[in-house]
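To keep things clear, I will list the structure first and then write my remarks on it.
Remember, predicted model here, so these are calculated numbers, not experimental data.
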Amino acid sequence: MVTKFAWPEIELRLHELRLCADDLKERFPEEDQFFPRFADLADAAREASNDDCIEDASVRITDILIDLGYVPEHERQH
């Protein structure tokens, strides 16, 4: 069973995910190489989110993908 965390811990994990995503994009610029690696990391952050912050975590993960150019800007939810 995965330990569930509140927003302060998830926010730290999302910050780390953002840094990792930059590195992954540099090393694996092709979507088919990038996405499986990113998905593993993003899923870990999402699975660690408690019920109160899982939606916010998902939005932030999408924002990372938008910022990196893998998802269109119109998908931004805020």
So do the side chains of [X] and [Y] get within less than 4.5 Å of each other, counting heavy atoms only?
X	Y	result
Asp63	Gln77	no
Glu26	Asp22	no
Ile10	Ile54	no
Leu68	Leu24	no
Glu47	Thr3	no
Asn50	Glu9	no
Leu19	His15	yes

Separation of [Y] [atom2] from [X] [atom1] (nearest 0.5 Å):
X	Y	atom1	atom2	value
Glu16	Glu11	CD	CD	12.0 Å
Arg13	Leu41	CZ	CG	11.5 Å
Leu12	Phe5	CG	CZ	10.5 Å

Query raised in the report: Between Tyr70 and Lys25, is there a cation-pi geometry (under 6.0 Å to ring centre, at most 45° from the normal)?
Result: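 Satisfied, under 6.0 Å and within 45°.
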
Query raised in the report: Looking only at side chains, do Ser58 and Arg46 share a donor and an acceptor under 3.5 Å apart?
Result: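 There is such a pair between these side chains.
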
Query raised in the report: If you count the non-hydrogen atoms of other residues, nucleotides and ligands that lie under 6.0 Å from CD in Gln33, is the total more than 12?
Result: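 Atom CD in Gln33 is packed in, count exceeds 12.
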
Report task. Verify the neighbour count for atom CG of Asp23: are there more than 12 heavy atoms of other residues, nucleotides or ligands below 6.0 Å? Result ->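 Result for CG/Asp23: enclosed.
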
Query raised in the report: Are Ile61 and Trp7 connected, step by step, through hydrophobic side chains (Ile, Leu, Val, Met, Phe, Trp, Tyr) whose heavy atoms are closer than 4.5 Å?
Result: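 Ile61 clusters together with Trp7.
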
Query raised in the report: If every non-hydrogen atom of Arg76 is compared with every non-hydrogen atom of Ile66, which pair is closest and at what distance?
Result: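 Closest heavy-atom pair between Arg76 and Ile66: NH2-CG2, 2.8 Å.
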
Query raised in the report: Considering all heavy atoms of both residues, which atom of Ala6 and which atom of Cys53 are nearest to each other, and what is their separation?
Result: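 For Ala6 versus Cys53, the nearest heavy atoms are C-SG, 4.1 Å.
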
Query raised in the report: Hey, mind stepping through Asp56 and Arg60 against salt bridge (charged side-chain N to carboxylate O under 4.0 Å, His left out) and telling me if it holds?
Result: CA-CA 6 Å; Asp56 290 332; Arg60 293 277 295 271; over 6 Å; no

Query raised in the report: Taking the inter-plane angle between the rings of Phe38 and Phe34 on a 0 to 90° scale, is it parallel (under 30°), tilted (30 to 60°) or perpendicular (over 60°)?
Result: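 Ring orientation of Phe38 relative to Phe34: parallel.
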
